[in-house]
Protein chains: 2
Amino acid sequence: MKDLTTRQHEILGFIQLHFRQENFWPSIREIQTHFGFRSTNAVMGHLRALERKGYISRVAGQARAFRVTYDDGETPPEGSAEVIDIPIYGHIAAGYPDGVETGGAIGRLQIDVDTAGVRRNRRAFALKVRGESMIGAGIFDGDIVIVEPGLPKHGDIVAALIDGETTLKRFMQKPNHPPYLKAENPDYPELNPVSELVIQGIAKAVVRSL
Amino acid sequence: MKDLTTRQHEILGFIQLHFRQENFWPSIREIQTHFGFRSTNAVMGHLRALERKGYISRVAGQARAFRVTYDDGETPPEGSAEVIDIPIYGHIAAGYPDGVETGGAIGRLQIDVDTAGVRRNRRAFALKVRGESMIGAGIFDGDIVIVEPGLPKHGDIVAALIDGETTLKRFMQKPNHPPYLKAENPDYPELNPVSELVIQGIAKAVVRSL
DNA sequence: ATGTATATTGAAAATGTGTTCAGTGTCAAG
DNA sequence: CTTGACACTGAACACATTTTCAATATACAT
């Protein structure tokens, strides 16, 4: 894709900003006014350049009839990443042996695999975080964590089953030592190696509704 | 929400269909032609009705300047919740007068509307957070915020355009006072009422890859 | 130096487009 | 029967908007 000059870049930027803010495209005169041109023709030149370079396309003679075709984004609405459906378990019932109990879900969320950072075939699930033990890692009460089953590495945040309750902790393992879990909150103690340490999975992403 | 007549429903449908297919709104005469009316006024009547009933809003005198305020449904509920495709407008180039990065989207994410907390018809977009100014609200450098255009209320976290840069701040507005923006980080000062305060949208959700 | 792309002004032509005024006809409710 | 919402026709008006023709000036590669 050919490069744009500074001015062309600004024009394209304004067109897109206008569209995002107003939900319809600007007219040539609006672009002219915004940049302080004294002639609509100044805009025309830039639009022609943008069209020639393939960034936009227009319908001749029609008002506000833009299409932004910057082939960087926007173009492939179809070939987008795969979206998976993830069940949200509130507090997990003790004895979550191997996974999916559809009945226990308090909700579901759907997100594409790339953003969530999970693989399709693994059975990911989500948890609603309760408590403040991971506040130091930016995970707050009420957040939703997307968890993927697997073996944790040192430093991963994991969902672990302790005392029949699922909590979020950071998994720490130094060579030749048994692993332990660490809360990311100064008020909470480190948890020393638990006998029954069941790692449910590794936290891959956090989603929070504001 | 008031009910629509059959004809009004058809008109609204066509407007939205046109927008999805062409990326810009139809003109009144295009609507007229599509339905075979012999007078533009037939369309005018329906548009007025749609506007009165709150389904759309328009900018008087401007061509193709629609906004669909309320979606009448029509969208097939595939599976469970509806998944929308959100463009990620990346790091905004610093010092850019219009605050838009060249190519437009640097990525996309897909998420269901309930989890994201946005409405289908509004054009939500996402931003990759840069900087630590909202660390107190649990939003960190590198997080992705999902933003929906709209008018902010007191206390909302907004994406605002200041000095040509988009930043995330909390929108504060006390009665009889001009609004100001506040960073959620003790190291950052409060931002007093800016003359050129452009609110791009309200942050609805945060997604973080771990 | 010469050509080509960029960036702009200025004026005018040609439509596109929203809007209004004045009617006709239907249909259901009061 | 009358009233009022709805669905339209027809013609005209006033700008909004795109587009074209004619020039000037700068920068940059050939």
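Note on naming: letters A, B, ... go to the chains in the order of the sequence lines (proteins, then strands), and numbering restarts at 1 for each one.
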> Which is it for Val147(B) and Ile202(B) under the side-chain contact (heavy atoms from CB on, under 4.5 Å) test, yes or no, and what are the steps along the way?
CA-CA 5 Å; Val147(B) 181; Ile202(B) 308 157; 5.7 Å; no
> For Phe37(A) and for Arg29(A), find the nucleotide of DNA chain C with the closest heavy atom, then tell me which residue's nucleotide is more 5'.
Phe37(A)
> Under 3.5 Å, side chain of Glu51(A) to main-chain N/O of Arg58(A), donor-acceptor pair present?
yes
> For a 4.0 angstrom threshold against heavy atoms of chain A, report the outermost contacting nucleotides of DNA chain C in 5' to 3' order.
dT6(C) to dT17(C)
> If you assign each of Ala63(B) and Thr40(B) to its closest nucleotide in DNA chain D, which residue comes earlier from the 5' end?
Thr40(B)
> Given side-chain contact (heavy atoms from CB on, under 4.5 Å), test Phe35(B) with His46(B) step by step and report yes or no.
CA-CA 12 Å; Phe35(B) 288 95; His46(B) 292 126; over 6 Å; no
> At 4.0 Å (heavy atoms only), tell me whether Ser39(A) reaches a base, stays on the sugar-phosphate, or touches nothing.
base
> For DNA chain D, what residues of residues 41-48 of chain B have any heavy atom nearer than 4.0 Å?
Asn41(B), Ala42(B), His46(B)
> Taking side chain to side chain contact (heavy atoms under 4.5 Å, CB included) as the definition, give me every residue that meets it alongside Ala49(B), ordered by chain and number, with sequence neighbours left out.
Gln8(B), Arg52(B)
> On DNA chain D, which is the earliest and which the latest nucleotide, 5' to 3', with an atom closer than 4.0 Å to a heavy atom of chain A?
dT17(D) to dA22(D)
> Can you list the residues that meet the ring pair (Phe, Tyr, Trp, His ring centres under 6.0 Å) rule with His154(A), with sequence neighbours excluded?
none
> Hey, mind stepping through Leu127(B) and Ile146(B) against side-chain contact (heavy atoms from CB on, under 4.5 Å) and telling me if it holds?
CA-CA 7 Å; Leu127(B) 292 173; Ile146(B) 296 170; over 6 Å; no
> State, to the nearest 10°, the angle formed by the axis through the first five base pairs of the helix from dA1(C)-dT30(D) to dG30(C)-dC1(D) and the axis through its last five.
20°
> Quick one: list whatever passes side chain to side chain donor-acceptor pair (under 3.5 Å) with Gln62(A), sequence neighbours left out.
Glu30(B), Arg64(B)
> Can you name the side chain to side chain donor-acceptor pair (under 3.5 Å) partners of Arg170(A), sequence neighbours left out?
Glu184(A)
> Do Trp25(A) and Phe24(B) have ring centres separated by under 6.0 Å?
no
> Quick one: side chain to side chain donor-acceptor pair (under 3.5 Å) partners of Asp156(A), sequence neighbours excluded?
none
> Does Arg208(B) use its side chain to pair, donor to acceptor, with the backbone of Gly138(A) at less than 3.5 Å?
yes
> Going by the rule side chain to side chain donor-acceptor pair (under 3.5 Å), which residues pair with Arg7(B) if we only count those two or more places apart in sequence or in a different chain?
Glu10(B)
> List the residues meeting ring pair (Phe, Tyr, Trp, His ring centres under 6.0 Å) with Phe140(A), not counting sequence neighbours, and say none if there are none.
none
